[in-house]
Amino acid sequence: MEKVLKITNVHKAYEKVIALQDISLEIEAGSIFGLLGPNGAGKTSLIRILTGITMPDQGSFVLNGKSNNNFAEISRIIGYLPEERGLYPTMKIFDQLMFFGRIKGLSKKEAREKINFYSKKLEIDGWLQKKARELSKGMQQLVQFVGSIFYEPSLIILDEPFTGLDPINSLKLQNEILELQQRGKTIIFSTHRMDQVEEFCQNIALINKGEIILEGRIDEIKNRFKKNIYQIQYTGDCNLSSTGDYEVISNKDCVLTIRDLTRNTSANVLLKSILERIEVVSFIEVLPSLSEIFIAQVQKEGDHEQD
Amino acid sequence: MNKISAVIKREYIAVVKTKTFIITTLLIPIGMLLMFSLPFIMAMTKSGVTTVAVLDESNLFTDKIEGNSNLLMKFIEGDLELHKGSLGDSFDAILHIPDFDLQYLGEFRLIAKKQIGVTSIAALESEMNRIIENERFLREGIDKAVIDKLKARVHIESAVISKGVEKKGSAKISLLMGYLMAMMMYFVIFGYGNMICGSVVDEKKNRIVEILVSSIRPFELMIGKILGIGAVAITQLLIWIICGLILIFALVFFAFPALNSPADMPDLTTHMQANQGLAQSLIDFVENPSAVLNLPLLVGSVFFYFIFGYLLYSTLFACTGSLADDNNQTQSYTFLISLMIMSSLFMMIHVIDNPHSKLAIWGSMIPFSSPIIMTARIPFNIPLWQVALSGSILIVSFFCCTWLSGKIYRMGLLLYGKKVTPKDIWKFIKA
């Protein structure tokens with residue numbers, strides 16, 4: 001896979017607080033990348049460096065072959081929806097979008113065409129002549145989203161894009177994000193919401209205290225942290241109890257949860273030994289949710305610190 | 001460059017479209033016009049005429065008090081108490097003059113149902129003084145006509161020799177111009193500076209900053225903002241200057257000639273007598289401006305100081321705005337800037353009386369006071385080297401200030417909910 005963004009050894013400190021420590025990361029072109037981490041982990045610091053708002057103390061990054069020192073070109077190909085976002089309250093929506101386009105370097109004509117196209121697409125074209133303060137918070141958020149993508153950047157950074165959106169607008173946004181990906185855009189998605197990350201992202205990086213503590217494909221990470229737990233649905237009686245090979249975690253309403261203790265590479269062995277005892281309807285492996293991995297990893301880091 | 005022009009345009013339209021801008025642009029000239037013309041209007045209107053009945057028991061004033069356009073005099077005889085009953089019918093007030101000793105004077109009373117205006121009373125007093133004085137002269141055997149003939153009224157015509165050419169005096173017109181320029185400078189710096197500060201705070205408060213600085217360098221944003229509000233200032237000042245010129249021409253061609261017929265407005269002329277020199281200078285100035293002032297230098301340097309004075313202070317206002325979270329917080333920061341502007345203004349009041357003093361020269365060299373002090377001094381034919389030096393210092397300081405403010409602005413913009421200490425600011429500059 002082609003890498004669109006390469007971050008190399010980025011380091012950033014504010015006074016005595018280290019915000020980012022030796023961050024290196026590669027992001028595949030056309031992927032949706034989840035940037036995860038608890039509050040204050042350094043996500044925003046990293047995003048601010050990528051968007052050129054701040055400069056790294058050390059390290060660099062290359063986006064689409066352009067170095068981070070080239071602010072004008074980098075800023076043109078990055079779309080950014082910050083978590084702290086707003087609009088000019090008394091300015092008409094069209095004028096604001098036009099202004100955002102102009103400071104990105106678009107010509108008036110180009111900006112007008114793209115605003116019209118995307119506002120129709122996200123059904124905000126009826127509000128273009130309204131002032132921002134006349135719109136609801138959710139409407140403003142859609143406008144802000146359009147404001148961060150209409151100039152068709154190749155990398156789009158979305159920081160908590162779903163907060164404050166109702167289910168209908170959320171869905172609209174989700175579809176648009178997936179469509180952007182299909183059109184070859186790369187998206188960095190920063191959030192606390194693990195369910196959305198699992199839904200959208202192919203790759204993630206978990207940042208804690210300025211360091212990347214986990215990185216990779218979601219399925220691969222889940223496999224790495226699986227605890228060999230299986231869920232078996234059965235009919236009839238079941239009087240299974242823990243043995244040296246497996247441990248029964250729960251058994252309720254014909255659903256049995258057990259942990260394989262043999263550390264076999266294949267689950268077939270476990271299944272075979274169970275098949276003799278109960279009538280199996282289904283057999284699935286329980287992978288940890290990202291949320292569980294997230295919490296476990298962050299806590300582990302905290303424990304390390306206490307040691 | 002396109003990015004900066006986008007910011008300039010946004011800033012300009014955002015301000016010019018507001019109701020406050022439209023209202024202040026229109027109301028201030030109207031207010032000024034009213035302020036200037038009210039005395040004339042009041043003097044010219046014949047309405048509000050007060051009829052004063054004079055009950056003169058001394059027989060000294062009978063038929064001698066003439067009144068004026070607002071005071072109609074009527075002379076009556078008889079009992080005071082009786083006449084009091086008819087107050088408000090055939091006259092509005094009774095001026096009761098009891099028989100009195102010319103040397104010690106007596107208790108004169110003006111009795112009315114409604115309080116009579118101060119100017120009317122003053123007019124009556126001055127007429128009575130004149131009559132009593134004439135009477136006293138007469139009794140001492142002095143001819144009043146001789147005294148009038150001997151009275152002197154000196155008007156010094158000041159002249160300035162520059163490059164061997166003598167120019168007509170300009171002290172009074174210079175004073176007026178100096179004040180006018182300095183006050184305008186003060187309002188420009190203060191008014192538009194605060195506008196910039198407010199605009200920066202608004203962007204922070206509305207959380208737009210982060211979107212902006214991911215598209216445009218903070219420095220470009222700051223410059224765009226300053227130039228945008230600068231364009232607003234030029235628009236507004238042009239409107240006001242045009243209104244002002246119309247007003248001055250109106251004064252010279254309509255109001256001052258009217259003043260030359262004192263019979264019509266006696267109390268106004270006494271007030272204007274002190275300013276007669278000024279009125280004459282103004283008329284001279286309008287008729288032939290370059291004979292009174294060095295116009296190219298004046299206009300050129302006023303433009304220069306307006307532009308750079310505004311630019312210098314606006315960078316400071318922009319960076320204080322970036323350090324604050326909301327409008328209340330900016331007040332403590334802008335206080336320091338206000339202090340600088342205010343002290344220049346106080347300095348100016350001294351300087352204008354003594355435009356060649358040490359204070360004046362130093363004040364015109366320090367970049368934070370030179371815009372106000374120099375604009376006040378320039379009408380007074382000051383040495384060119386001073387203008388050149390002060391101008392150069394101002395330009396250099398502007399570039400230094402822009403560079404420093406840009407650094408502080410960049411860091412300040414992204415700070416939320418933190419009180420910035422001078423130590424922090426020092427760190428921003430070093431960063």
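Below, read A as the first sequence line, B as the second, and so on, with proteins coming before strands; counting in each chain starts at 1.
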> If you look at every heavy atom in Arg217(B) and Gly52(A), which pair is closest and at what distance?
Replying inline: NH1-O, 3.6 Å
>> Please report the interatomic distance CZ(Arg85(A)) to CD(Glu210(B)), rounded to the nearest 0.5 Å.
In response: 10.5 Å
> Step by step, would you call Ile208(B) with Met91(A) a side-chain contact (heavy atoms from CB on, under 4.5 Å)?
Replying inline: CA-CA 12 Å; Ile208(B) 310 166; Met91(A) 206 172 164; over 6 Å; no
> Which distance, rounded to the nearest 0.5 Å, do you find between the CZ of Phe99(A) and the NZ of Lys3(B)?
Replying inline: 11.0 Å
>> Could you measure the distance from the CG atom of Asn2(B) to the NZ atom of Lys104(A)? Nearest 0.5 Å is fine.
In response: 15.0 Å
> Does the side-chain contact (heavy atoms from CB on, under 4.5 Å) test come out yes or no for Arg10(B) and Tyr88(A), once each step is laid out?
Replying inline: CA-CA 11 Å; Arg10(B) 198 210 76 80; Tyr88(A) 293 104; 3.4 Å; yes
> Using non-hydrogen atoms only, which part of Leu212(B) is less than 4.5 Å away from chain A: side chain, backbone, both, or neither?
Replying inline: both
> Do the non-hydrogen side-chain atoms of Ile211(B) and Phe100(A) ever get within less than 4.5 Å of each other?
Replying inline: yes
>> Using a 6.0 Å cut-off, check whether atom CZ of Phe399(B) has over 12 heavy atoms from anything other than its own residue.
In response: no
>> Can you tell me if Lys114(A) has over 12 outside heavy atoms packed within less than 6.0 Å of its NZ?
In response: yes
> Can you name the one residue among Ile53(A), Ile74(A), Leu81(A) that meets side-chain contact (heavy atoms from CB on, under 4.5 Å) with Ser214(B)?
Replying inline: Ile53(A)
>> According to side-chain hydrogen bond (donor to acceptor under 3.5 Å, both in side chains), who are the partners of Asn39(A), at least two apart in sequence or on a separate chain?
In response: His192(A)
> Is it the backbone or the side chain of Leu87(A) that comes under 4.5 Å from a heavy atom of chain B, or both, or neither?
Replying inline: backbone
>> Please rank Gly147(A), Ser75(A), Gly105(A) by heavy-atom pairs under 4.5 Å with chain B and give me the top one.
In response: Ser75(A)
>> For the CD atom of Glu84(A) and the NZ atom of Lys204(B), what is their distance to the nearest 0.5 Å?
In response: 11.0 Å
> Based on non-hydrogen pairs under 4.5 Å, which of Ile78(A), Asp95(A), Ile103(A) is most in contact with chain B?
Replying inline: Ile103(A)
> How many angstroms lie between atom OG of Ser215(B) and atom CG of Leu106(A), to the nearest 0.5 angstrom?
Replying inline: 10.5 Å
> In Å and rounded to the nearest 0.5 Å, what is the NZ to NZ distance from Lys92(A) to Lys17(B)?
Replying inline: 5.0 Å
